[in-house]
Amino acid sequence: MSIQMISRRGLLTIAAGAASLGLVGCGDDGSAAGSASSAGDGDLLAQITGRGSMTFATEGTWSPWTFHNEAGDLTGYDIEVARAIAERLGVEAEFAEGEWDGLLAGLDSGRYDTMANGVSVTEEREEKYDFTEPYAYNRIVVITTGDSDIASMDDLEGRTTANTLGSSYAILAESHGAINTGVDDFNQTIQLLESGRIDATLNDEVVFYDYMEQHSDADLKIAAENGESTHVAFPLRREEATASLLAAMNEAIAALREDGTLSELSQEFFGIDITEA
């Protein structure tokens with residue numbers, strides 16, 4: 001590898017230096033993030049290094065980003081990127097699975113260190129969270145049944161859609177005049193679409209193709225696409241306590257991009273490279 005792996009000893013040095021500057025954060029709720037609050041006087045990187053693990057929140061039901069394989073093991077592009085980052089930080093990656101809204105609430109409260117769930121960087125989210133450098137770039141598409149007359153984003157005006165509440169898909173659909181119904185996951189969305197209870201749903205282009213590969217007889221199509229690709233990154237609570245972790249994760253992402261790991265994982269799970277803008 002052209003960029004050397006960050007050593008555990010090096011991270012301890014970084015974290016100790018950050019702690020000496022008096023970086024203080026939240027996470028005193030007895031949760032995974034708060035249970036190591038004595039390490040580094042609140043510096044999250046020091047806490048992670050001290051406990052030897054980093055907690056990523058994820059849905060586990062959104063293939064090919066995060067899902068369970070036939071053996072029941074949690075995997076996916078997000079999951080394997082998270083594991084690679086944790087390895088470079090010298091710790092183990094741990095995953096907490098749940099529904100989208102609960103993941104965000106858990107991140108806010110300090111139960112989780114970050115999210116590995118294809119989180120899109122939006123202006124609204126940037127007001128609340130600090131994001132790492134992107135590790136993927138995404139195209140959002142409108143998915144409909146084969147006989148739908150929807151042909152553009154503007155055709156969503158007055159139509160019914162379904163996506164998890166607060167997701168970038170729901171926000172985008174509503175910005176084009178759609179009436180969105182909240183669901184728990186992608187599978188529920190497809191059930192509503194195929195049963196005729198909604199007109200369309202928005203999701204990633206790669207998620208659509210992954211679904212069609214597994215359900216080749218499904219009467220679904222991409223009816224339209226959003227013209228601008230979205231940036232996918234790891235969100236962190238916006239506070240001084242996360243500053244050193246943000247820097248370490250960015251360094252790890254840069255190394256994984258440089259040595260080809262991101263591209264290889266993208267090809268493995270998506271069949272294409274979505275790691276470059």
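Predicted model only: the values in this text are computed from it and were never measured. Counting from 1, the numbers follow the sequence of the chain as shown.
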- Query: Would you call F234 and I85 a side-chain contact if the rule is heavy atoms closer than 4.5 Å?
  - Reply: yes

- Item | SB check E92 R83 (cutoff 4.0 Å) | no

- Verify the distance criterion only: is there a donor paired with an acceptor across the side chains of N117 and T66 at less than 3.5 Å? no

- Item | Closest non-hydrogen atom pair, V91 against S53 | CB-N, 3.8 Å

- All heavy atoms of S266 vs all of Y77, minimum pair found to be N-CE1, 3.5 Å

- Message: Would you say that more than 12 heavy atoms from the other residues, nucleotides or ligands in this model lie under 6.0 Å from the CD of E124, or not?
- Response: no

- May I ask whether V232 and I171 are part of the same hydrophobic cluster, defined by side-chain heavy atoms of I, L, V, M, F, W, Y residues being less than 4.5 angstrom apart, directly or through others? no

- Task: Evaluate the side-chain contact (heavy atoms from CB on, under 4.5 Å) criterion for residues F95 and T55: first the C-alpha distance (whole Å), next the side-chain angles of each, then the deciding distance (0.1 Å), finally the verdict.
- Result: CA-CA 6 Å; F95 299 94; T55 305; over 6 Å; no

- Message: Is there a side-chain contact (heavy atoms from CB on, under 4.5 Å) between R88 and L256? Walk through the geometry before answering.
- Response: CA-CA 9 Å; R88 285 187 173 274; L256 293 170; 3.3 Å; yes

- Flag for H68-E97: side-chain donor and acceptor within less than 3.5 Å: yes

- Query: Are V119 and L165 connected, step by step, through hydrophobic side chains (Ile, Leu, Val, Met, Phe, Trp, Tyr) whose heavy atoms are closer than 4.5 Å?
  - Reply: no

- Would you check if the distance from the ring center of Y209 to the ring center of F270 is below 6.0 Å? no

- Message: If only side-chain N and O atoms count, and only distance matters, is there a donor-acceptor pair under 3.5 Å linking Q214 with D210?
- Response: yes

- Message: Looking at T164 and W100, would you say the former's side chain and the latter's main chain have a donor-acceptor pair under 3.5 Å?
- Response: no

- Message: So does A178 get a backbone contact from the side chain of T161, meaning a donor-acceptor N/O pair under 3.5 Å?
- Response: no

- Using a 4.5 Å cut-off on heavy atoms from C-beta on, say whether the side chain of H215 contacts that of I190. no

- Task: Starting at CZ of F208, measure out to CD1 of I143 and round the result to the nearest 0.5 Å.
- Result: 6.0 Å

- Item | Backbone of E213 reached by a side-chain donor or acceptor of S216 within 3.5 Å | no

- D113/R51 salt bridge by N-O under 4.0 Å criterion: yes

- Are any side-chain N or O atoms of Q267 and backbone N or O atoms of S263, one a donor and one an acceptor, separated by less than 3.5 Å? no

- Query: Is there a donor-acceptor pair closer than 3.5 Å between any side-chain N or O of E133 and the backbone N or O of A254?
  - Reply: no

- For R139 and E228, what are the C-alpha separation, side-chain angles and deciding distance, and is it a salt bridge (charged side-chain N to carboxylate O under 4.0 Å, His left out)? CA-CA 7 Å; R139 278 204 307 177; E228 186 175 343; over 6 Å; no

- Item | Shortest non-hydrogen separation from A57 to L103 and the atoms involved | CB-CD2, 3.8 Å

- Message: With side chain to side chain contact (heavy atoms under 4.5 Å, CB included) as the test, pick out the partner of L104 among K128, M115, R125.
- Response: M115

- Is it true that the side chains of T275 and D273 contain a donor and an acceptor less than 3.5 Å apart? yes

- Message: Starting from W62, can I reach M212 by hopping between I/L/V/M/F/W/Y residues whose side chains sit under 4.5 Å apart?
- Response: yes

- D199 pairs by side chain to side chain contact (heavy atoms under 4.5 Å, CB included) with which of T160, V142, T144? T160

- Message: Does either side chain, that of R197 or that of S195, offer a donor lying less than 3.5 Å from an acceptor on the other one?
- Response: no

- Task: Keeping the roles fixed (side chain from S167, backbone from A170), state whether a donor-acceptor pair exists under 3.5 Å.
- Result: yes

- Query: Is it the case that W65 and D204 place a side-chain donor and acceptor less than 3.5 Å from each other?
  - Reply: yes

- Decide whether D219 and T145 meet the rule of one side-chain donor and one side-chain acceptor closer than 3.5 Å. no

- Item | N180-Y169 side chain donor-acceptor pair, cut-off 3.5 Å | no

- Task: Please test N138 against S229 for side-chain hydrogen bond (donor to acceptor under 3.5 Å, both in side chains), starting from the C-alpha separation and ending with a verdict.
- Result: CA-CA 5 Å; N138 221 351; S229 63; over 6 Å; no

- Using a strict 4.0 Å threshold on nitrogen-to-oxygen distance, state whether D149 and R159 make a salt bridge. yes

- Query: Can you get from V121 to Y137 by hopping between Ile, Leu, Val, Met, Phe, Trp and Tyr side chains that sit under 4.5 Å apart?
  - Reply: no

- Side chain D185, main chain Q188, donor-acceptor under 3.5 Å: yes

- Give, for atom OG1 of T114 and atom CD1 of I48, the distance between the pair rounded to the nearest 0.5 Å. 9.0 Å

- At what distance, to the nearest 0.5 angstrom, does CG of L193 lie from CZ of F186? 9.0 Å

- Donor + acceptor pair across side chains of N250, T132 (<3.5 Å): no

- Task: Working to the nearest 0.5 Å, report the span between CG of L262 and CZ of R257.
- Result: 5.5 Å

- Query: Cluster question for you: counting only ILVMFWY and a side-chain heavy-atom cut-off of under 4.5 Å, with indirect links fine, are L192 and Y211 together?
  - Reply: yes

- Message: Please give me the minimum heavy-atom distance between A241 and D43, naming the atom from each residue.
- Response: O-OD1, 3.5 Å

- Please work out whether the ring planes of Y129 and F131 are parallel, tilted or perpendicular, with thresholds of 30° and 60°. perpendicular

- From CG (D73) to CZ (F67), nearest 0.5 Å: 10.5 Å

- For residues A248 and L89, report the shortest heavy-atom separation together with the two atoms involved. O-CD1, 4.0 Å

- Query: Side-chain contact, heavy-atom cut-off 4.5 Å: N226 with V141?
  - Reply: no

- Query: Hey, does the side chain of K221 reach the backbone of S148 with a donor-acceptor pair shorter than 3.5 angstrom?
  - Reply: yes

- Counting distance only, does the side-chain N/O of T242 pair as donor-acceptor with the main-chain N or O of E239 below 3.5 Å? yes

- Heavy atoms of P134 and I253 approach each other most closely as O-CG2, 4.0 Å

- To the nearest 0.5 Å, atom CG of L156 lies from atom OG1 of T201 at 10.0 Å

- Start with the C-alpha gap between S168 and I140, add the side-chain angles, then the distance that decides, and say whether side-chain contact (heavy atoms from CB on, under 4.5 Å) holds. CA-CA 9 Å; S168 57; I140 296 177; 4.3 Å; yes

- Query: Between the main-chain N or O of T261 and the side-chain N or O of D259, is there a donor-acceptor pair closer than 3.5 Å?
  - Reply: yes

- Message: Salt bridge or not between D130 and R237? Use side-chain N to carboxylate O under 4.0 Å.
- Response: no

- Show the numbers, then the answer: is there a side-chain contact (heavy atoms from CB on, under 4.5 Å) between M249 and M54? CA-CA 11 Å; M249 290 183 70; M54 183 173 179; 3.6 Å; yes

